[in-house]
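Below: the structure, in structure tokens.
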Amino acid sequence: MDKKKKIIIISVVSLVIIALIVGLIIFFVNRNNNVGEGGTTPANSTKIAKLYSNLSNEEVFSFTTVKDENNREIYAKSNNAAYTDTIYDGEESKYIIKDGNSYLLKDDDKVYYTYQNNEINLNKVLEQLSEIQDSELTEGTEEIEGKKYEYEEYSGFTNFAITITDDNSDIDNTKTRFYFDGNDLVYIKTIVGNSQELLSVEISNDVDNNLFEIPEDYRGM
């Protein structure tokens, strides 16, 4: 084989290799940008990631989830203080978290209990969102109470559930769906196997500052 033929063959092989590399790049870019029913989307462009970013920049906000009158949770944040008011199966518990401590309020007796060096729920909602925001998701639409909503579904998470817990033996069937009206989060559904829990969601910047103060007529225990 003369030198000219060798050069032609090498050139053809090089062009084929370059074409294959370009094709692979285009394939993976398209796959990572696949959006739609049952598709995935880059983590940093998800609505959950944007919600996390927005709430991280808010000094004051509240995040309320409601299943029914006997099961709901109010979380409020103001700078370095937080407030939680949870009703589970009709039983209510209230906490103020600030100054490095947590304070359990008992309204019936007008007393409070101090848990020193305990700030577990100070950044509760942000920590929950942070845990899932970089995870792989599936997108779709679903009708709830006669209206269709876009949702982002994350597998292996039950962090926002009130009455349902995960089953480690069935982790593949554990999912959380976040439903949006535009960019507003309006529902959260937790799915564990054949069990489901749907919560309505309300996020607000209108928060009563008194929530973060122990009432003057309460006495410490």
Side-chain angles (χ1 to χ4, degrees), residues 38 40-41 43 46-56 58 61-77 82-97 102 104-105 115 118-145 147-181 183-204 207 211:
T40 59
T41 190
T46 66
K47 291 186 177 182
I48 282 296
K50 292 175 182 176
L51 175 62
Y52 171 77
S53 177
N54 290 339
L55 292 181
S56 296
E58 296 287 353
F61 71 88
S62 65
F63 191 103
T64 302
T65 52
V66 179
K67 178 183 179 182
D68 52 44
E69 63 181 9
N70 291 316
N71 296 279
R72 64 111 172 100
E73 182 172 75
I74 299 171
Y75 170 87
K77 183 79 162 53
Y83 168 85
T84 64
D85 182 352
T86 304
I87 297 179
Y88 173 70
D89 284 345
E91 296 293 326
E92 186 174 25
S93 60
K94 294 181 180 181
Y95 285 90
I96 294 173
I97 305 102
S102 292
L104 172 62
L105 307 181
Y115 297 89
N118 187 326
E119 292 183 314
I120 291 177
N121 288 323
L122 179 62
N123 297 299
K124 180 177 180 178
V125 169
L126 290 177
E127 290 172 354
Q128 290 171 325
L129 293 172
S130 176
E131 185 176 348
I132 63 174
Q133 68 163 337
D134 294 323
S135 301
E136 186 175 336
L137 70 145
T138 300
E139 295 178 310
T141 59
E142 184 178 336
E143 185 174 303
I144 299 176
E145 296 185 357
K147 182 174 180 179
K148 281 192 175 182
Y149 297 94
E150 295 179 350
Y151 68 75
E152 295 180 353
E153 179 182 282
Y154 297 81
S155 297
F157 296 95
T158 60
N159 294 350
F160 286 90
I162 295 177
T163 63
I164 194 171
T165 57
D166 62 335
D167 181 353
N168 290 330
S169 65
D170 197 23
I171 193 66
D172 291 336
N173 289 323
T174 299
K175 304 170 184 176
T176 299
R177 288 182 182 176
F178 299 88
Y179 298 84
F180 292 86
D181 186 1
N183 289 318
D184 296 327
L185 179 62
V186 289
Y187 290 103
I188 298 174
K189 179 186 285 185
T190 302
I191 304 169
V192 179
N194 295 321
S195 300
Q196 297 185 1
E197 176 193 81
L198 181 66
L199 306 176
S200 62
V201 181
E202 181 180 354
I203 301 173
S204 174
V207 179
L211 293 178

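Because only heavy atoms are used, hydrogens play no part in the values below, and waters and symmetry mates are left out as well, while side chains stay in. It should be emphasised that the depicted structure is a prediction, and the values quoted were computed from it without experimental measurement.
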With sequence neighbours excluded, residues passing side-chain hydrogen bond (donor to acceptor under 3.5 Å, both in side chains) with N70
none
ring-ring contact (aromatic ring centres under 6.0 Å, His included) filter on F63, not counting sequence neighbours, yields F160
N159: what forms a side-chain hydrogen bond (donor to acceptor under 3.5 Å, both in side chains) with it, not counting sequence neighbours?
E131
Qualifying residues under ring-ring contact (aromatic ring centres under 6.0 Å, His included), relative to F180, sequence neighbours excluded
none
Applying salt bridge (charged side-chain N to carboxylate O under 4.0 Å, His left out), can you list everything that pairs with D184, at least two apart in sequence or on another chain?
none
Residues two or more places apart in sequence or in another chain: which of them pass salt bridge (charged side-chain N to carboxylate O under 4.0 Å, His left out) with D68?
none
Qualifying residues under side-chain contact (heavy atoms from CB on, under 4.5 Å), relative to S56, sequence neighbours excluded
Y52, L126
Under a 3.5 Å distance rule, please check whether S102 uses its side chain to pair with a backbone N or O of N118 as donor and acceptor.
yes
Any donor and acceptor pair, going by atom type alone, linking the side chain of Y75 with main-chain N or O of L122 inside 3.5 Å?
yes
The criterion is salt bridge (charged side-chain N to carboxylate O under 4.0 Å, His left out); which residues satisfy it with K67, sequence neighbours excluded?
none
If you count heavy atoms of other groups shown closer than 6.0 angstrom to CD1 of I144, is the number above 12?
yes
Hey, what's the ring geometry for Y95 with Y115, parallel, tilted or perpendicular (30° and 60° as the breaks)?
tilted
Applying side-chain hydrogen bond (donor to acceptor under 3.5 Å, both in side chains), name anything that partners E142, two or more places apart in sequence or on another chain.
R177, Y179, K189
Can you establish whether the number of heavy atoms outside E69 located under 6.0 Å from its atom CD is more than 12?
no
Output side-chain donor-acceptor pairs under 3.5 Å for residues 196-203, partner residues at least two apart or in another chain, one line each.
| from | atom 1 | to | atom 2 | distance (Å) |
| --- | --- | --- | --- | --- |
| E197 | OE1 | I162 | N | 2.9 |
| E197 | OE2 | I162 | N | 3.2 |
| E197 | OE2 | T163 | N | 2.5 |
| E197 | OE2 | T163 | OG1 | 2.5 |
| S200 | OG | V66 | O | 3.4 |

Among all residues two or more places apart in sequence or in another chain, which pass the side-chain contact (heavy atoms from CB on, under 4.5 Å) test with E150?
K47, T141
Residues in side-chain hydrogen bond (donor to acceptor under 3.5 Å, both in side chains) with T86, at least two apart?
E73
